[in-house]
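Worksheet: one structure, shown below.
Only heavy atoms go into these numbers, but all of them, side chains included; no hydrogens, no water, no symmetry mates. Quick caveat: nothing in here was measured; it's all calculated off a predicted structure. Residue numbers start from 1 in every chain, and the chains themselves are labelled A, B, ... in the order their sequence lines are given, proteins ahead of strands.
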Amino acid sequence: MGARTRGSSCRVCPVERGVLPVGRGVGIPDRRGSGVIDPRRLRQEIGSIAERLRRKGVELDVTRFEALEARRKRLQDEVERLRNQRRVASKRIGEAKAAGDDIAPLVAAVGHLGDDLGEAAKQFEAVRAELDEFVTGLPNPPHDSVPPGLDEASNVELRRWQEPSDFNFEPRDHVSLASTSLDLEAAAKIAGSRFSVLRGALARLQRGLTQFMIDTHVQEHGYEEVYVPYLVDRHTLLGTGQLPKFEDDLFAIDGERDQFLIPTAEVPVTNLIRDSILEYAELPLRFVAHTPCFRSEAGNYGKDTHGIFRQHQFEKVELVQIVHPDRSWDALEELTTHAETILRKLELPYRAVALCAGDLGFAAAKTIDLEVWLPAERRYREISSCSNFLDFQARRMLARYRNPETGRPDYVHTLNGSGLAVGRTLIAVLENYQDGNGVVHVPDALRGYLGGSSRLDL
RNA sequence: GGAGGGGUGGCUGAGCGGACGAAAGCACUGGUCUUGAAAACCAGCGAAGGGCGACCUUCCCAGGGUUCGAAUCCCUGCCCCUCCGCCA
């Protein structure tokens, strides 16, 4: 069994099968509900949705959509009419048979219906598949509060906590500080570039950081710790939005199994509620999970090649919330605060940034990044990304709760955020806690996790 | 890996070619009764899509087939359970 990046050839699979590989109980449960954006709203407010998607740098082909919709409507009407005819006719045959009458003429009269229906149904399926592909490929439009702009230069700083470390010496970077505890040559030998081997105190620091984060979120923020699979199937990735568009960013399992290494715990954890109707009283659900994350980083060759900032495999503690739709904006603030708490306890200078529309991920309606100060780079770098997806993922996953007012199921809202990216926190601790003599001290909050020691023996 | 048994509505679970979107129970909602609650009794109560609507269509794991007609019969796949084997 090996992992490889799967090429674009696999993208045709859904098309070859005629429809996306979905069905009730597996992934996107029903093709007609597989939208991203509420299909009814898409039809009625196509203009304003196109406008909002344009802020994300995406051009919605309104003409094509409307043409497809018109065909869909006509064919669906046709198919349903024929089916109804068949149902009525078949029922009559049954009654005649029960009454002991001759059914032969009735059966003969219905003969052509099957062919007509088959042909119409085939055309309808084709249009529906095309519409489905069109719609699942559309990203979530940005929320009105998202700043305009097409790239990270337009992101807006919301707040800073503590001023950047003011060293009276030339700060060293994490690779230099880690010394022989970080063995990139060994990693390259056994796995290739963009992997790392941590030894001794450094490995323990990473483990300590992880435990510290999970404990804080469980004990102080009320999250439930969960352990989840690191391999997931295609439906799961469709649910959170990594597929069908971003297959190249994932590591796929080579062989008979159609599985992928998770790019983030968001994927398996959010999908825990796929295909379910939660009770109102169960909300909100708050999960924290620590997993390794695997990213092929296609398209990022040559970026951040020094050290362990950008790796094919890294550790992350992830926060996921499933909330009532009225609560998701408050929840985004809370979740972001939960992630910030880790940085504050570790006394790492950081800032919070609202991503502009063009910098948002595919599924996010709004994202707040936390960026930690890295002294050697003399700049803030992303260490957490907290997003509200509204009902975008919930629609794909068919994740609902029972609305007590109407008694009917409504979509939940989903959110997630890193709390935090452990590998990058490791870098931040090394660089911010160096003392000029090449010694790295241990943040107070972490000492209990490192046998009480006050400095790292790197 | 071998041998069996299964996948039906929020849950448990019957049905096994036509009158079945599907019995029954639980849960839930409304009502009667009660000072109140419980119990009892009566009634309601799956989901998705389409239509301005009356209403129509689809869904009994998934995909394909047989049939005028499939939850029900046949094929394939996936998943679950039990026993045996192996194993951290």
Open item on the list: My understanding is that a pair needs two contacts under 3.5 Å, Watson-Crick or G-U wobble. By that rule, which nucleotide pairs with rG85(B)?
Closed with: none

- [ ] Please work out if R92(A) contacts a base, only the sugar-phosphate, or nothing of the nucleic acid, heavy-atom cut-off 4.0 Å.
- [x] nothing

- [ ] Tell me which of G114(A) and R402(A) sits closer to the 5' end of RNA chain B, going by the nucleotide each one is nearest to.
- [x] R402(A)

Open item on the list: Output the rounded distance in Å from CZ (F124(A)) to P (rU58(B)).
Closed with: 11 Å

Task: Closest to side chain of S90(A), choosing from rA47(B), rG69(B), rG51(B) - done: rG69(B)

- [ ] Tell me whether the OP1 or OP2 atom of rG51(B) has a side-chain N or O from K73(A) closer than 4.0 Å.
- [x] yes

Open item on the list: Which nucleotide wins on minimum distance to the side chain of V107(A), given the candidates rG10(B), rA48(B), rC68(B)?
Closed with: rC68(B)

Task: Length of the CZ-P vector between R87(A) and rC59(B), whole Å - done: 12 Å

Open item on the list: I need the minimum non-hydrogen distance between A89(A) and V110(A), along with the two atoms involved.
Closed with: CB-CG2, 3.2 Å

Task: Rounded distance in Å - CD (E125(A)) to P (rU58(B)) - done: 12 Å

Task: Distance in angstrom units between L398(A) CG and rC59(B) P, rounded - done: 17 Å

Open item on the list: OP1 or OP2 of rG46(B) versus the side-chain N and O atoms of R408(A): is any pair under 4.0 Å?
Closed with: no

Task: rC84(B) versus rG63(B) - spacing of their P atoms, nearest Å - done: 36 Å

Task: Between P of rG69(B) and CD of Q85(A), the distance in whole Å - done: 14 Å

Open item on the list: Side chain of N84(A) only, heavy atoms from C-beta on: which candidate in rC56(B), rG10(B), rA19(B) is closest?
Closed with: rC56(B)

- [ ] Give a yes/no answer on whether the side chain of R83(A) brings an N or O atom under 4.0 Å of OP1 or OP2 in rU58(B).
- [x] yes

TODO: Report which part of the nucleic acid R74(A) touches: base, sugar-phosphate, or nothing (heavy-atom distance under 4.0 Å, all strands).
DONE: nothing

Open item on the list: For Y223(A) and H221(A), take the angle between the two ring planes, folded into 0 to 90°, and tell me which bin it lands in: parallel under 30, tilted 30 to 60, perpendicular over 60.
Closed with: perpendicular

Open item on the list: With hydrogens left out and only the distance checked, is there a donor-acceptor pair under 3.5 Å joining K97(A)'s side chain and the base of rG18(B)?
Closed with: yes

TODO: Find which nucleotide of RNA chain B each of R400(A) and E95(A) is nearest to by heavy atoms, and output the residue with the more 5' nucleotide.
DONE: E95(A)

- [ ] Determine the interatomic distance between P on rU29(B) and the same-named atom on rA47(B); round to the nearest Å.
- [x] 15 Å

Task: Sugar-phosphate, base or nothing in reach of R81(A), heavy atoms under 4.0 Å - done: nothing

Open item on the list: Please report the distance, rounded to the nearest Å, between CG in D77(A) and P in rC52(B).
Closed with: 11 Å

Open item on the list: Looking at rA43(B), which nucleotide sits across from it as a Watson-Crick or G-U wobble partner, both distances under 3.5 angstrom, or is there none?
Closed with: rU29(B)

Task: Spacing of CG belonging to N388(A) relative to CG belonging to L415(A), to within rounding of 0.5 Å - done: 4.0 Å

Task: Selected nucleotide, minimal atom distance to R43(A) side chain, candidates rA48(B), rA19(B), rG49(B) - done: rG49(B)

Open item on the list: Nearest 0.5 Å, please: how far is CD in E334(A) from CG in L319(A)?
Closed with: 12.0 Å

Task: E266(A)-Q393(A) side chain donor-acceptor pair, cut-off 3.5 Å - done: yes

TODO: Can you see which heavy atom on D391(A) is nearest to which on H413(A), and at what distance?
DONE: N-CD2, 3.5 Å

